[in-house]
Amino acid sequence: MTHLSFLTPEAGLLALGFVLPLVLMLEGERRSNVVRAALRLPDQARGGRALLIGCLVAIPVFLGLGAMQPTIDVETRYVTRNDTEVWFVIDTSLSMVASATPTSATRLERATQTALRLRAEIPQAPAGIASLTDRLLPHVFPTPDQRVFAATIRSSIGIDQPPPVTNGLIATTLASLTALKTQNYYSPAAKRRVAVILTDAESQPFPAPVMGALFRRSPRIRLIFIRVGGPRERVYLRDGAIDPKYEPVHGAHRIARAFATATEGKAFEENQFDAAARALRGAVSKGRTKVEGREKSRIALAPFAVALAFVPLGLMLWQRNL
């Protein structure tokens with residue numbers, strides 16, 4: 001909903017400022033015409049008269065409008081699902097800084113962009129963000145506000161922010177996802193629970209049967225894995241040299257699929273966005289909605305009105321050859 005209002009409507013009286021200069025101009029023209037008639041001089045050209053009058057009227061009108069401080073009040077209603085919550089879990093271990101070339105987008109950059117695109121596919125579902133290394137840490141709990149979601153990704157999600165507890169070469173531990181089941185990540189009202197895992201799947205070993213039994217337990221969490229990365233990607237130092245400490249884990253795609261299979265989830269590669277989006281929409285499905293909240297924002301129009309006053313002023317100066 002939008003609504004136009006004026007903070008200082010009484011200041012609109014300034015718009016009447018065009019009356020005096022207009023009266024003076026017309027009176028000057030009248031006297032000039034009298035003198036010209038008495039001297040039998042030809043009438044003055046009136047080609048620019050209408051433009052001058054228009055400028056004399058427009059300048060104070062625009063300034064008066066600006067002084068009234070017009071604003072557009074915008075009210076945004078958040079219509080959200082009250083039975084669904086989605087967590088986006090983003091791997092932030094050091095291997096996620098790998099890329100195809102020193103100037104290419106890193107795995108983490110691609111993962112965050114994919115998360116933002118997938119979030120837009122489910123606008124009515126509350127979504128939260130967590131980072132994954134050898135532990136799972138929440139950054140924002142499920143919210144219907146997509147701006148909060150995007151701001152959190154851009155400001156809080158980064159490599160080793162926070163760092164893993166262990167110092168091993170492979171810091172990611174997919175077994176840490178058990179926190180989704182055991183640490184109250186979902187509210188009791190969330191009957192439909194979904195988690196989107198964006199990771200390169202270069203993980204420490206995990207007990208697949210234990211993971212499967214846990215995630216299949218009611219209330220079930222539907223897991224969607226999106227593997228980001230390739231075997232030819234490397235970690236590059238600031239000078240563009242390859243970091244010799246990092247070696248990609250061959251068969252990482254099989255690790256992601258093994259976890260998805262054990263938990264009856266789904267696994268996709270990063271180039272399968274459309275398929276992953278369909279799986280996410282299917283997991284969220286449809287349900288009852290409610291208005292979670294309202295947010296008001298205000299757009300000030302006064303600067304635009306004042307700026308418009310310079311247009312007739314410039315025309316008037318140009319007309320007068322000043």
Side-chain angles (χ1 to χ4, degrees), residues 87-118 129-140 152-180 183 195-208 210-211 223-263 265 267-273 276:
W87 277 93
F88 284 81
V89 179
I90 302 176
D91 189 344
T92 58
S93 60
L94 185 58
S95 62
M96 290 292 287
V97 81
S99 59
T101 68
T103 57
S104 300
T106 65
R107 293 174 181 176
L108 182 63
E109 291 170 342
R110 297 180 338 244
T112 54
Q113 288 302 312
T114 300
L116 291 172
R117 292 175 62 194
L118 287 173
I129 302 170
S131 60
L132 173 69
T133 51
D134 58 358
R135 53 181 170 161
L136 189 67
L137 291 176
H139 291 264
V140 62
T152 302
I153 279 189
R154 295 189 178 103
S155 62
S156 300
I157 298 300
I159 297 297
D160 285 350
Q161 295 181 3
V165 176
T166 60
N167 294 321
L169 293 178
I170 299 178
T172 304
T173 304
L174 291 179
S176 300
L177 294 172
T178 56
L180 291 171
Q183 295 184 12
V196 180
I197 320 299
L198 297 115
T199 176
D200 56 15
E202 297 185 355
S203 169
Q204 294 283 353
F206 54 85
V210 175
M211 297 295 101
L223 298 182
I224 298 174
F225 284 85
I226 300 177
R227 197 186 74 86
V228 182
R232 296 185 178 182
E233 293 183 338
R234 296 292 185 271
V235 173
Y236 293 92
L237 303 176
R238 291 186 177 181
D239 59 1
I242 294 177
D243 187 348
K245 297 180 181 179
Y246 170 75
E247 283 291 337
V249 175
H250 296 285
H253 62 286
R254 289 192 292 269
I255 296 176
R257 290 179 182 176
F259 201 108
T261 300
T263 57
F268 303 93
E269 296 296 308
E270 61 179 306
N271 59 0
Q272 296 178 300
F273 176 84

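The two atoms that bring M96 and A111 nearest to each other are CE-CB, 3.9 Å, heavy atoms only. Taking each heavy atom of R234 and I242 in turn, the nearest pair found is CB-CG2, 4.1 Å. Residue A98 comes nearest to R110 through the heavy atom pair O-NH1, 4.5 Å, listed as atom of the first residue, atom of the second, then distance. Across all their heavy atoms, P248 and P231 have their closest contact at CG-O, 3.3 Å. When every heavy atom of G240 is checked against every heavy atom of P102, the shortest pair comes out as O-CG, 3.9 Å. Summarising the geometry of Q161 relative to S156, their closest heavy-atom pair is OE1-O, 3.8 Å, with the distance given to 0.1 Å.
Between S95 and R107, some side-chain heavy-atom pair lies under the 4.5 Å cut-off. Proximity of M211 to T178: side-chain heavy atoms (C-beta onward) are separated by under 4.5 Å at one or more points. When side chains are defined from C-beta on, I153 does not count as touching F88, because their heavy atoms never get closer than 4.5 Å. Within the 4.5 Å cutoff, the side chain of T172 has no heavy atoms near those of the E202 side chain. Inter-residue side-chain proximity for Y246 and V97 is flagged as unmet; no heavy-atom pair is nearer than 4.5 Å. Annotation: side chain of L137 is in contact with side chain of P162 (closest heavy-atom distance under 4.5 Å). Between R135 and P164 there is no side-chain heavy-atom pair separated by less than 4.5 Å.
Atom-to-atom distance recorded for D200:CG and H253:NE2 is 13.5 Å, nearest 0.5 angstrom. Once rounded to the nearest 0.5 Å, the distance linking CZ of R227 with CG of N271 reads 9.5 Å. Rounding to the nearest 0.5 Å places CD1 of I90 at 6.0 Å from CD1 of I129. Within the model, atoms CZ of F259 and CZ of F206 stand 6.0 Å from one another, a figure rounded to the nearest 0.5 Å. Atom CZ of residue R117 and atom OG1 of residue T112 lie 12.0 Å apart, to the nearest 0.5 angstrom. Interatomic distance, H250 NE2 to I255 CD1, rounded to the nearest 0.5 Å: 11.5 Å.
Checking each of T199, I157, I197 against D91 for a side chain to side chain contact (heavy atoms under 4.5 Å, CB included) leaves exactly one that passes, namely T199.
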L132 vs L174, side chain to side chain contact (heavy atoms under 4.5 Å, CB included): CA-CA, chis, key distance, verdict: CA-CA 8 Å; L132 173 69; L174 291 179; 3.9 Å; yes
Evaluation steps, side chain to side chain contact (heavy atoms under 4.5 Å, CB included), between T133 and T92: CA-CA 6 Å; T133 51; T92 58; 3.6 Å; yes
Test log, rule side chain to side chain contact (heavy atoms under 4.5 Å, CB included), inputs L118 and F273: CA-CA 8 Å; L118 287 173; F273 176 84; 3.5 Å; yes
F268 vs T114, side chain to side chain contact (heavy atoms under 4.5 Å, CB included): CA-CA, chis, key distance, verdict: CA-CA 12 Å; F268 303 93; T114 300; over 6 Å; no
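Applying the ring pair (Phe, Tyr, Trp, His ring centres under 6.0 Å) criterion to Y236, with sequence neighbours excluded, gives no partner residue. Evaluation of the side chain to side chain contact (heavy atoms under 4.5 Å, CB included) rule for A130 yields W87, V89, L136, Y185 as partners, not counting sequence neighbours. For H139, the side chain to side chain donor-acceptor pair (under 3.5 Å) test picks out S131, with sequence neighbours left out.
Under the 3.5 Å distance criterion, the side-chain polar atoms of S99 are left unmatched by any main-chain donor or acceptor of A105. Of the possible donor and acceptor atoms, none in the side chain of T173 sits under 3.5 Å from a partner among the backbone N and O of S176. The backbone N or O of G229 sits less than 3.5 Å from a side-chain atom of E270, completing a donor-acceptor pair.
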